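First the structure, in the form of structure tokens, and then the observations on it.
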2 protein chains.
Amino acid sequence: MPAEAKVSTKVNKPAKVEARAAIPASPPLTERQEARRRRILHASAQLASRGGFDAVQMREVAESSQVALGTLYRYFPSKIHLLVATMQDQLEHMHGTLRKKPPQGETAAERVAETLMRAFRALQREPHLADAMVRALTFADRSVSPEVDQVSRQTTAIILDAMGLENPTPEQLSAVRVIEHTWHSALITWLSGRASIAQVKIDIETVCRLIDLTAPPSDRP
Amino acid sequence: MPAEAKVSTKVNKPAKVEARAAIPASPPLTERQEARRRRILHASAQLASRGGFDAVQMREVAESSQVALGTLYRYFPSKIHLLVATMQDQLEHMHGTLRKKPPQGETAAERVAETLMRAFRALQREPHLADAMVRALTFADRSVSPEVDQVSRQTTAIILDAMGLENPTPEQLSAVRVIEHTWHSALITWLSGRASIAQVKIDIETVCRLIDLTAPPSDRP
DNA sequence: CGCTAATCTAGAACAAGTTCCAGACTTGAT
DNA sequence: ATCAAGTCTGGAACTTGTTCTAGATTAGCG
């Protein structure tokens with residue numbers, strides 16, 4: 001009965017909307033829909049790379065990706081949703097890249113710091129894109145929680161990878177949480193010009209010390 | 001030659017504006033101007049307390065504070081500036097309150113954690129206000145850097161107060177920076193419903209352990 | 001093939017932040 | 001008291017995110 005599979009279910013909430021999870025669950029998209037989605041994300045990243053958050057204008061994204069404005073909103077119910085999805089997309093790349101060349105450090109703390117600094121350098125290459133994604137991430141309200149959570153999980157996975165742990169203790173998970181907090185907030189201070197790259201480095205290295213602090217049993221093989 | 005002292009100097013930047021420092025420097029305001037400023041901040045906090053960030057609408061703020069829209073924008077060049085100024089205002093209160101009853105903990109880490117949790121509980125009493133202020137703070141771009149920096153300095157002061165240190169070492173200052181990062185980011189996750197109050201507590205306590213880690217010489221009297 | 005339900009498109013319409021403007025009002029200096 | 005310069009006001013206008021609508025298209029099914 002349907003045509004192209006439903007993209008998302010809209011509800012008439014007074015002010016905000018909800019979204020479709022970016023996880024490969026949900027109704028599967030047809031090929032053309034998948035293509036549209038890709039075009040949109042590409043346009044989003046492209047525009048963001050130019051002028052950051054402000055340069056990602058929904059009408060422009062729609063035009064660039066050859067899609068009607070209404071369609072854009074069907075795929076991504078708000079600008080924030082779009083940018084968070086863009087971030088998910090970029091994060092996947094990043095995780096893939098990082099996997100290939102695991103960090104070299106001796107201790108878990110060193111490896112995590114190294115990994116985050118590597119990611120940081122990647123962001124420095126596209127500071128505007130970083131701006132758009134991070135601002136969206138921290139500005140997101142409850143209606144974007146699932147997507148933001150997904151980003152958070154992905155980040156956690158990257159950090160745990162760097163630590164090289166199978167069964168992290170609750171304490172270590174707490175440390176990872178704090179590291180993520182620091183990572184996000186440090187990025188923001190850098191993006192808004194209130195902290196230098198060197199300062200971000202120090203902050204990351206500082207917080208990574210928490211890992212040593214929470215590694216009681218065996219850390220070295 | 002002038003009338004009421006100039007409030008701020010506007011420049012025709014393509015998209016953004018700049019602001020007057022909230023620090024008691026800059027051209028001093030006349031009494032009526034001070035009163036206007038106060039009315040505006042009050043209206044802002046009031047509206048924020050109701051519906052959070054979205055409820056602070058510039059037209060409403062202007063009306064509530066009996067000021068023309070153009071005047072509101074002369075005092076606070078953007079909604080973000082206004083909310084950050086509102087935060088400065090609230091932080092001063094908070095710092096005063098905290099000064100009166102210093103934290104009881106034995107170690108510096110305990111005292112800082114206690115202080116932050118106290119602040120957190122205060123925010124819980126006005127979650128919408130907290131939402132508006134914190135969202136503005138993290139969404140602020142470069143044009144608001146001076147004001148955001150001021151907020152950051154104030155927060156640092158509160159934490160250092162709690163630590164009870166006169167001459168913090170660079171290491172300790174790094175720890176304080178990381179604590180601030182964690183504080184802001186943890187607040188965001190709480191406000192957006194992605195972390196529970198208990199989780200925030202754990203994160204704060206976890207990061208505060210960094211203080212012990214960076215207190216080499218003498219910590220106990 | 002022909003249907004039917006859902007999707008997509010183009011474009012208007014609405015909302016809130018921000019900018020502009022002309023005229024009334026204040027202020028400090030002469 | 002008068003004047004010049006800067007402020008404040010009310011309101012229109014512009015921008016960009018978001019919503020809505022009517023009609024054209026598409027996908028899968030009988």
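None of these values were measured; they are calculated from a predicted model.
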With a cut-off of less than 4.0 Å, is there a side-chain N or O of [X] near OP1 or OP2 of [N]?
X: B:Gln33; N: C:dT26; answer: no
X: A:Gln66; N: C:dT9; answer: no
X: A:Arg32; N: D:dA27; answer: yes
X: B:Thr71; N: D:dT9; answer: yes

Cation-pi check, A:Arg37 onto A:Tyr75 ring (under 6.0 Å, within 45° of axis):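 No, A:Arg37 does not sit over the ring of A:Tyr75.
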
For atom [atom1] of [X] and atom [atom2] of [N], their distance in whole Å:
X: A:Leu83; N: D:dT18; atom1: CG; atom2: P; result: 10 Å
X: A:Glu60; N: D:dT18; atom1: CD; atom2: P; result: 15 Å
X: A:Tyr73; N: C:dC14; atom1: OH; atom2: P; result: 17 Å
X: B:Asp54; N: C:dG17; atom1: CG; atom2: P; result: 8 Å
X: B:Asp141; N: C:dG17; atom1: CG; atom2: C1'; result: 14 Å
X: A:Phe53; N: C:dG17; atom1: CZ; atom2: C1'; result: 13 Å
X: B:Arg36; N: D:dG6; atom1: CZ; atom2: P; result: 17 Å
X: B:Glu31; N: C:dG28; atom1: CD; atom2: P; result: 11 Å

Electrostatic pair B:Glu114:B:Arg118 at N-O distance under 4.0 angstrom: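 Salt bridge present between B:Glu114 and B:Arg118.
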
Verdict with reasoning, B:Thr156 to B:Glu180, per side-chain hydrogen bond (donor to acceptor under 3.5 Å, both in side chains): CA-CA 7 Å; B:Thr156 303; B:Glu180 277 186 55; 2.4 Å; yes

Please write out each protein N/O paired with an N/O of nucleotides 10-16 of chain D under 3.5 Å, distance rounded to 0.1 Å.
residue	atom	partner	partner atom	Å
D:dT16	OP1	A:Gln57	NE2	3.2

Sub-6.0 Å ring centroid separation between B:Phe139 and A:Phe53: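 B:Phe139 vs A:Phe53: aromatic centres under 6.0 Å.
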
Donor-acceptor pair between B:Ser192 and A:Ser145 side chains, under 3.5 angstrom: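 Side-chain D/A pair, B:Ser192 to A:Ser145: absent.
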
Closest nucleotide among D:dA27, D:dC8, D:dT18 to the A:Ser78 side chain: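 Of all the options, the side chain of A:Ser78 is nearest to D:dT18.
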
Closest listed nucleotide, where the reference is the side chain of A:Arg74 and the choices are C:dT7, C:dT27, D:dC8: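 Of all the options, the side chain of A:Arg74 is nearest to C:dT7.
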
CD1-CD1 distance between B:Ile179 and B:Ile204, expressed to the nearest 0.5 angstrom: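 Here the interatomic distance stands at 9.5 Å.
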
From B:Thr71 atom OG1 to B:Gln33 atom CD, the distance as rounded to the nearest 0.5 Å: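 Result: 10.0 Å between the selected atoms.
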
Sugar-phosphate only, base, or nothing, as touched by B:Glu63 at under 4.0 Å among non-hydrogen atoms: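 Touches nothing.
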
Given DNA chain C, 5'-ward residue of the pair B:Ile80 and A:Leu72, judged by closest heavy atom: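 Nearest nucleotide further toward 5': that of A:Leu72.
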
